[in-house]
Amino acid sequence: MKTFALVDGNNFYASCERVFRPDLADKPIVVLSNNDGCVVAASAEAKALPGIQMFGPFFEIAGLCRRHGVTVFSSNYALYGDMSRRMMAILAEHAPGQEVYSIDECFLDLSGVAEPEALARRMRDSVQRRIGIPTCVGIGSSKTLAKLANHVAKRVPGWDDGVFDWRRLAEADRDALMAGLPVGKVWGVGRKLADRLREWRIDTALQLKEADPRRIRQGFGVTLERTVAELNGVSCLELDEAAPERQQIISSRSFGEKACDFNVLAAAVSHHIATAGEKLRAQRGVARLIGVGIRTSPFGDDGYNGYTVVPLPQPSDDAMTLTRAALAGLRAIYRRGPRYQKAGVVLMEISPRERLQADLFGPAPDPRRQRLMRTMDAINQTFGRGCVKLASEALTPDWEMRQDVRSPCYTTRLDQLLEIA
DNA sequence: TCTGGGGTCCTAGGACCC
DNA sequence: TCTGGGGTCCTAGGACCC
């Protein structure tokens, strides 16, 4: 029997900010998305205020925050990323297998551990003591059950003491608990799927668990059929220890201020293709298609949505090749006039680089260019993103995002260390 | 004054061909 | 007058996640 644990940081971004602001313990905090657009994290105290909704637009609740003395932070990904690495490293010490699933959560393989719940409590204490981040742990015999257990450990009254293992309960009690969980809480079931399931009279996690797998497969596909099996304790999803190779890589961002000028869009697109190219080379891939998109705000009425796909003559991971193609795409879709709100790129048809060289009869990639890319990536890794970049990225800085209230990079910048008075 | 995130994968449906 | 398939490729939009 397999045993999985799902560990995640409670209100992770808010907790990261609090580590360096002990004065904010027990105080309401919210953290905003890129560009200060939406609320993406909130401390328990903030969540308790009526009207503070995750992923809701911030401007709608800005007044409420002022009235209730909520401390508001812009996203500080340098800080959260670094805290995440520390948390993941501590957790990895306790388990033979770890899959980092997102910035604030990971699956652990606890198969063969005699007392997983006791281990989970030790892990929680360790993370809390060493980096000051509170966590919750869910345990089950499949990843889906571990996820659901995590929800129980965090939110279900009576069971929300931070660690929950389904096997703590007899089967009848497990079912009773699952009967109280809406089907939308199950991993992989979002709002739309939950609506459709309700038409089938499947409202709770228990009803999904007990649904006929064949009918689910017919009505909803193999993915949900697998979820049903996982809810029944049959593990179908393995622990992916290596970061999966992406089939597509997206980089896009909204502008701090709307942009009309071609050069501003060109700088943004150059930046995004540079970021995407770095990710592409990190997974040792090459891309054949490059998508470029620009759009105005979807909430205005003079909407323009430009998108095109540029094929490369042969798949590439070279920053200059990618940038040239992306800018050609941008020229094709750019219209003078609209006030653009967002630009982005997509790398598609990604294949492993090694295969490319064996397959193609065309000219071999220039080894000097490859060395240049490796050097560029290495420098940027050591000295920070953007230390070395192509000139097209630097045409204009006008598209930078808005971050009005970002905290210092306490853990990654010497000049921004926390000072203790 | 104005403000609304970012990323990945899947799939339905159209175009095209035999 | 009425009937008339199936596979592949592509893409936009949908759905999900955090």
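Sequence lines set the chain letters: A, B, ... in the order given, protein chains first and strands last, and positions in each chain run from 1.
Residues A/L79 and A/T412 are not in side-chain contact: their nearest non-hydrogen atoms beyond the backbone lie 4.5 Å or more apart.
Between the A/N150 side chain and the A/V7 main chain, no donor and acceptor come within less than 3.5 Å of each other.
Regarding A/R253, its CZ atom lies at a distance of 16 Å from the C1' atom of B/dG4, rounded to whole Å. Between the CG atom of A/L289 and the C1' atom of C/dT11 there is a distance of 11 Å, given to the nearest Å. In this structure, OH of A/Y101 is placed 11 Å from P of B/dC9, rounded to the nearest angstrom. In this structure, A/Q248 places its CD atom 12 Å from C1' of C/dT11, rounding to the nearest Å. Between A/W187 atom CH2 and C/dC17 atom C1' there is a gap of 10 Å when expressed in whole angstrom units. The distance between atom CG of A/L148 and atom P of C/dC17, rounded to the nearest whole Å, is 12 Å. Whole-Å rounding puts the A/L237 CG to B/dC9 P distance at 15 Å. Rounded to whole Å, the distance from CD on A/E349 to P on C/dT11 is 8 Å.
A/S75 comes within contact range of no nucleotide atom at all, as no heavy-atom separation falls under 4.0 Å. Using a 4.0 Å heavy-atom distance criterion, A/E105 is classed as a sugar-phosphate-only contact. If you check every strand for non-hydrogen atoms under 4.0 Å, A/L193 touches sugar and phosphate atoms only. Note on A/D36: nothing from the nucleic acid sits closer than 4.0 angstrom, heavy atoms only. Within the nucleic acid shown, A/G188 comes within 4.0 Å of sugar-phosphate atoms alone, with no base atom in reach, counting heavy atoms only. At a threshold of 4.0 angstrom between heavy atoms, the contacts of A/V40 with the nucleic acid are absent.
By the 5.5 angstrom centroid cut-off and the 30-degree plane limit, A/F55 is classified as stacked against the base of C/dC18. The aromatic ring of A/F299 is stacked on the base of B/dG4, with the two ring centres less than 5.5 Å apart and the planes inclined by under 30°.
Nearest nucleotide to the side chain of A/K147, out of C/dC18, B/dC9, B/dT3: C/dC18. Here the nucleotide nearest the side chain of A/K342, chosen from B/dG5, B/dG6, B/dG4, is B/dG6. Distances were taken from every side-chain heavy atom of A/K192 (C-beta onward) to each of B/dG4, C/dA12, C/dA15; the shortest belongs to C/dA15. For A/D104, the side-chain atoms get nearest to C/dC18 when compared with the rest of C/dC18, B/dG4, B/dG5.
Of the side-chain N and O atoms in A/R246, none sit less than 4.0 angstrom from OP1 or OP2 of B/dG7. Using a 4.0 Å cut-off, some side-chain N or O of A/Q341 falls inside it from OP1 or OP2 of B/dG5. Taking side-chain N and O atoms only, A/S33 has no distance below 4.0 Å to OP1 or OP2 of B/dG4. The phosphate of B/dG6 (OP1 or OP2) has a side-chain N or O of A/S254 nearer than 4.0 angstrom.
Salt bridge absent: A/D195 and A/K192 never bring a charged side-chain N and a carboxylate O closer than 4.0 Å.
For the pair A/R295 and A/I249, both in contact range of DNA chain B, the more 5′-proximal nearest nucleotide belongs to A/R295. The residue among A/I250 and A/P57 whose nearest nucleotide of DNA chain B is located toward the 5' end is A/P57.
Across every strand in view, C/dG7 sits in a pair with B/dC16 that passes the Watson-Crick or G-U test at under 3.5 angstrom.
Taking atom C1' in both C/dG4 and B/dC18, the straight-line distance is 15 Å, to the nearest Å.
For CD of A/E241, the number of neighbouring non-hydrogen atoms (other residues, nucleotides, ligands) closer than 6.0 Å is greater than 12.
Side-chain contact of A/D318 with A/S316: a donor-acceptor pair under 3.5 Å is absent, judged by distance alone.
Using the six-membered ring where Trp is involved, A/F20 and A/Y410 have ring planes that are parallel, under 30° apart on the 30 and 60° scheme.
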Practice task
Would you sort out whether A/F4 and A/S235 count as a side chain to side chain contact (heavy atoms under 4.5 Å, CB included), showing the intermediate values?
Solution key: CA-CA 9 Å; A/F4 294 96; A/S235 171; 3.4 Å; yes

